[in-house]
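Working notes for the structure below.
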Number of protein chains: 2
Amino acid sequence: MLKKGVERKEVLRALGEVFRAHGYEGASLTLITEATGLGKGSLYHLFPGGKEQMATEVLADIDAWFELNIYAPLRNADDPARAIAAMIAGVDQYFHSGGRVCLVGMVALGAARDTFAASVDDYFARWQVALAQLLRRSGLSRSQAQRRAEDALLTIQGALVLARARSDAGIFRRALSDLTARLLAPPE
Amino acid sequence: MLKKGVERKEVLRALGEVFRAHGYEGASLTLITEATGLGKGSLYHLFPGGKEQMATEVLADIDAWFELNIYAPLRNADDPARAIAAMIAGVDQYFHSGGRVCLVGMVALGAARDTFAASVDDYFARWQVALAQLLRRSGLSRSQAQRRAEDALLTIQGALVLARARSDAGIFRRALSDLTARLLAPPE
DNA sequence: GACTCTCTGTACCGATCGGTACAATGTCTT
DNA sequence: AAGACATTGTACCGATCGGTACAGAGAGTC
């Protein structure tokens with residue numbers, strides 16, 4: 001029998017990778033059973049809501065990871081430079097230096113966007129707010145802090161797209177490095 | 001009968017919008033027949049290679065648009081500031097100020113990437129080279145020009161993702177405006 | 001050992017997928 | 001008018017889609 005909490009997390013992780021690799025509509029039940037090692041019976045027992053519930057929970061799981069490893073440290077930090085460095089390091093780790101795609105960004109671009117619009121918006125909104133508040137504490141005006149936080153999110157997303165499009169992880173690393181400098185620059 | 005050149009372009013434009021709206025794998029033949037007004041008979045007469053050929057030609061069509069409206073002006077320009085402003089204006093127009101998604105970026109993120117890897121890479125590579133050469137003529141070092149061009153492409157892609165994720169076209173416009181300033185900034 | 005209740009493999013469902021076959025229709029040439 | 005050829009609608013193909021039904025296996029309790 002499943003150790004409920006633990007196993008479910010592992011299933012969600014496998015689901016996440018399938019969605020990342022094939023997109024929401026492209027992740028067929030066949031692919032999902034292969035990736036998770038679970039038959040349809042188990043799958044629909046764990047997720048009575050089908051694919052949509054799977055994706056919803058995967059997004060929630062991603063959100064939880066970012067809340068714990070990115071947003072909360074940003075909120076609780078008192079040294080902006082260290083906090084930003086930690087965020088960049090966390091992002092670099094999470095996205096495997098550009099080798100791993102952002103599922104949230106992917107969903108945002110696809111047809112499934114409307115179904116998950118709230119989760120998608122929330123993911124970016126909470127990140128931006130947490131980062132902007134930190135930047136504000138470091139001396140930036142409210143609007144400058146918001147703009148820089150927006151720039152940070154957009155740079156990360158763009159770097160992921162371009163790195164994958166050109167199969168060049170260097171793009172991602174260079175973008176993160178430049179971004180760090182831009183975030184830490186003195187107020188204009 | 002079809003006026004071959006003209007009608008085909010129109011079909012390709014409709015195809016492009018279907019692919020943009022539903023992704024490559026999500027664009028079913030049913031959706032395609034509805035969007036183009038063409039039955040399967042006509043579709044497979046025009047594109048014997050099926051969906052893959054349709055997507056290939058759509059990508060080629062996009063490439064041709066950028067070659068004409070973006071890359072070539074960049075190459076032939078002698079006033080960098082004007083050329084960059086024109087590029088930004090062209091991009092803003094093409095992407096409907098963030099309301100229209102980049103099909104190339106979308107393909108890059110999805111499972112169809114490998115099938116169209118060459119076209120995807122080419123699209124970004126030619127853009128980056130054209131822009132970097134212009135920046136070089138404006139006094140930047142080779143590596144600086146390359147980095148700034150890379151930054152430009154990635155910013156545009158990221159802005160498209162974030163604007164769509166948050167349903168906020170303002171993000172795209174702000175990103176383009178900031179980008180213009182960054183591209184025109186004096187060498188570091 | 002019998003009774004629960006959770007979990008899972010398998011067979012099956014109607015719908016839709018991308019693609020093919022082909023007869024009928026239209027249009028141009030002579 | 002007749003023949004050639006481009007174009008199209010429709011019926012159909014096997015495969016796969018997401019999802020359901022359900023019998024039975026597995027583990028925990030008494």
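The basis for the numbers below is simple: all heavy atoms, side chains too, and nothing from hydrogens, waters or symmetry mates. Letters A, B, ... are given to chains in the order of the sequence lines, protein chains preceding strands, and every chain is numbered from 1.
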**Request:** Report the relative orientation of the aromatic rings in B:Phe95 and B:Phe66; use parallel for angles under 30°, tilted for 30 to 60°, perpendicular for over 60°.
**Result:** tilted
**Item:** Intermediate values then yes/no, side-chain hydrogen bond (donor to acceptor under 3.5 Å, both in side chains), B:Arg136 and B:Gln144
**Value:** CA-CA 8 Å; B:Arg136 195 143 163 61; B:Gln144 276 226 16; over 6 Å; no
**Item:** Nucleotide nearest A:Ser28 when distance is taken to its side chain, options D:dC17, D:dT20, C:dC17
**Value:** D:dC17
**Asked** Could you give the NE2-to-P distance, from B:His45 to D:dT7, as a whole number of Å?
**Response** 4 Å
**Complete:** From CD of A:Glu7 across to C1' of D:dG26 the rounded distance in Å is 15 Å
**Asked** Is the A:Tyr24 ring parallel, tilted or perpendicular to the A:Phe116 ring (thresholds 30°, 60°)?
**Response** perpendicular
**Item:** Short N-O contact, A:Arg100 and A:Glu17, less than 4.0 angstrom
**Value:** yes
**Fill in**
Of the candidates D:dG18, D:dC17, C:dT20, the side chain of A:Leu29 sits closest to D:dG18
**Request:** Specify the separation, in whole Å, of atom NZ of B:Lys51 and atom C1' of C:dG19.
**Result:** 12 Å
**Prompt:** Tell me: NZ of B:Lys40 to C1' of C:dT16, nearest whole Å?
**Reply:** 9 Å
**Message:** What is the separation between atom NE2 on A:His22 and atom C1' on D:dT16, rounded to the nearest whole Å?
**Reply:** 15 Å
**Message:** Please compare A:Gly26 and B:Gly37 by the position of their nearest nucleotide in DNA chain D and report the one closer to 5'.
**Reply:** B:Gly37
**Message:** From the set C:dG19, D:dG9, C:dG9, return the single nucleotide nearest to any side-chain atom of B:Tyr44.
**Reply:** C:dG19
**Item:** Heavy atoms of other groups near B:Arg182 CZ, more than 12 under 6.0 Å
**Value:** yes
**Request:** Would you indicate, yes or no, if C:dC17 has its OP1 or OP2 atom less than 4.0 angstrom from a side-chain nitrogen or oxygen of B:Thr30?
**Result:** yes
**Sidechain-backbone polar pair: A:Arg164 side chain, A:Ala159 backbone, donor-acceptor under 3.5 Å** = no
**Fill in**
note: A:Leu38, atom CG; D:dA25, atom P; distance rounded to Å ~ 19 Å
**Item:** Interatomic distance, A:Glu25 CD vs D:dG18 P [rounded to whole Å]
**Value:** 10 Å
**Message:** For the helix from C:dG1-D:dC30 to C:dT30-D:dA1, what angle separates the axis at the start from the axis at the finish, each from five pairs, in steps of 10°?
**Reply:** 0°
**Prompt:** Once you round it to whole Å, what is the distance between C1' of C:dC7 and CG of A:Leu46?
**Reply:** 9 Å
**Request:** Apply the test side-chain contact (heavy atoms from CB on, under 4.5 Å) to residues B:Glu52 and B:Phe47: give CA-CA distance (whole Å), side-chain angles for both, the deciding distance (0.1 Å), then the verdict.
**Result:** CA-CA 9 Å; B:Glu52 186 170 331; B:Phe47 305 95; over 6 Å; no
